[in-house]
Amino acid sequence: MTTALLSTAGELHARVRAGRRAVVMTMGALHEGHATLIRTARGIAGRDGEVVVTVFVNPLQFGQGEDLDRYPRTLDADLKLAGESGADVVFAPAVDEVYPGGGPQVRITAGPMGERLEGSARPGHFDGMLTVVAKLLHLTRPDVALYGQKDAQQLALIRRMVRDLNFGVEIVGVPTVREDDGLALSSRNRYLSPAERRTALALSSALFAGQDRHAAQEALRARAREVPATRARAEALSAIGESRAAADAHAMATAVPGGPAAVRAAARQVLDEAARLNPPLALDYLALVDPSDFTEIGHDFTGEAVLAVAARVGATRLIDNLPLTFGAAS
């Protein structure tokens, strides 16, 4: 298919629309993670619909000392990948098109959720992100917009904005795409040296360690509920390879579902070991949060949660997360 490259909203609005318009918003430097978003959008829009990929490096999202000037601009390659993945249009506006007359005087404020985790590490980042997302939703006028779950806090805030401010658009989250070694795909991965990349693998390794600990505990809880007698419960737990839990089956049977503290501890151990590598991993945060507001979950939490991590390796800052389900909801 021929993918049109447009730079003004007027050009985009002039296109004849037959079906649904699905939009994938990016800052360029497209990779397989973006390609997955575009292919998913193609499936949602269907043959008669239209897929629009925006490419815009938003200056409002970059704080002092961050990598706005360093951020890669690869429009020709982006256009090629977008077309191969099923995009009808790449909308690549200039800054003046998105912010005519300079930076906007009226902006979206992310509120308390935008001050936590990524918002604490990068003050003002989410205000800038929501402002440009609101602008691009108006400029592109989609029926549905797709975002990657790798940026879990961003996705949660966009969903909140769309709901709280009554935007007439469906928001779809697409699972994180990983490289063969487990590292979450990111445009910033290209900044890593081979040694830094080896250290960076600790982010996904920590998340998988927490996930494994969570799965083991949930299995223990499920097995313990099936066996009424204390002695039989201990034998059942031992049979699935958890002798430590079997030593006190009654305690395990009455323990909090899933054990958030144990999940955090399993992930933290991997990150602590990575801090001693050369080059070391410098942890910004490890958090196990409720995705509705990104506050830390308590010991008695049940339902959907997000295990999230952010760290620096050399000059590169990386984030990653995994969804988990605790207790009765699982």
Please name all residues satisfying salt bridge (Lys or Arg N to Asp or Glu O under 4.0 Å) with [X], sequence neighbours left out, ordered by chain then number.
X	answer
Arg317	Glu118, Asp284
Asp151	none
Arg159	none
Glu273	none

Quick one: pull up CG in Leu307 and CG in Leu207 and give me the separation to the nearest 0.5 Å.
5.0 Å

Residues 165-186, side-chain donor-acceptor partners within the protein, below 3.5 Å, at least two apart:
from, atom 1, to, atom 2, distance (Å)
Glu170, OE1, Arg20, NH2, 3.0
Thr176, OG1, Lys150, N, 3.2
Arg178, NH1, Gly182, O, 2.9
Arg178, NH1, Asp320, OD2, 2.7
Arg178, NH2, Asp320, OD1, 2.9
Arg178, NH2, Asp320, OD2, 3.4
Arg178, NH2, Asn321, O, 3.4
Glu179, OE1, Arg197, NH2, 2.9
Glu179, OE2, Asn189, ND2, 3.2
Asp181, OD1, Leu183, N, 3.2
Asp181, OD1, Arg197, NH2, 3.2
Asp181, OD2, Arg197, NE, 3.1
Asp181, OD2, Arg197, NH2, 3.0
Ser186, OG, Arg188, N, 3.1

Only distances under 3.5 Å count here; give the side-chain donor-acceptor pairs of residues 107-117 to other protein atoms, sequence neighbours excluded, each with its distance to 0.1 Å.
from, atom 1, to, atom 2, distance (Å)
Arg107, NE, Pro104, O, 2.9
Arg116, NH1, Asp293, O, 2.6

List the residues meeting side-chain hydrogen bond (donor to acceptor under 3.5 Å, both in side chains) with Arg198, not counting sequence neighbours, and say none if there are none.
none

Under the rule for side-chain hydrogen bond (donor to acceptor under 3.5 Å, both in side chains), what residues qualify as partners of Tyr147, not counting sequence neighbours?
none

Sequence-distant partners of [X], side-chain contact (heavy atoms from CB on, under 4.5 Å), two or more places apart:
X	value
Arg190	Ala29, Pro72, Thr74
Leu5	Leu75, Leu79, Val90, Ala92
Glu196	Leu192, Ser193, Pro279, Val313
Thr8	Glu11, Glu97

Within 6.0 angstrom of Arg163 CZ, more than 12 heavy atoms from elsewhere:
yes

What class does the angle between the rings of His214 and Phe326 fall in, given that below 30° is parallel, 30 to 60° is tilted and above 60° is perpendicular?
tilted

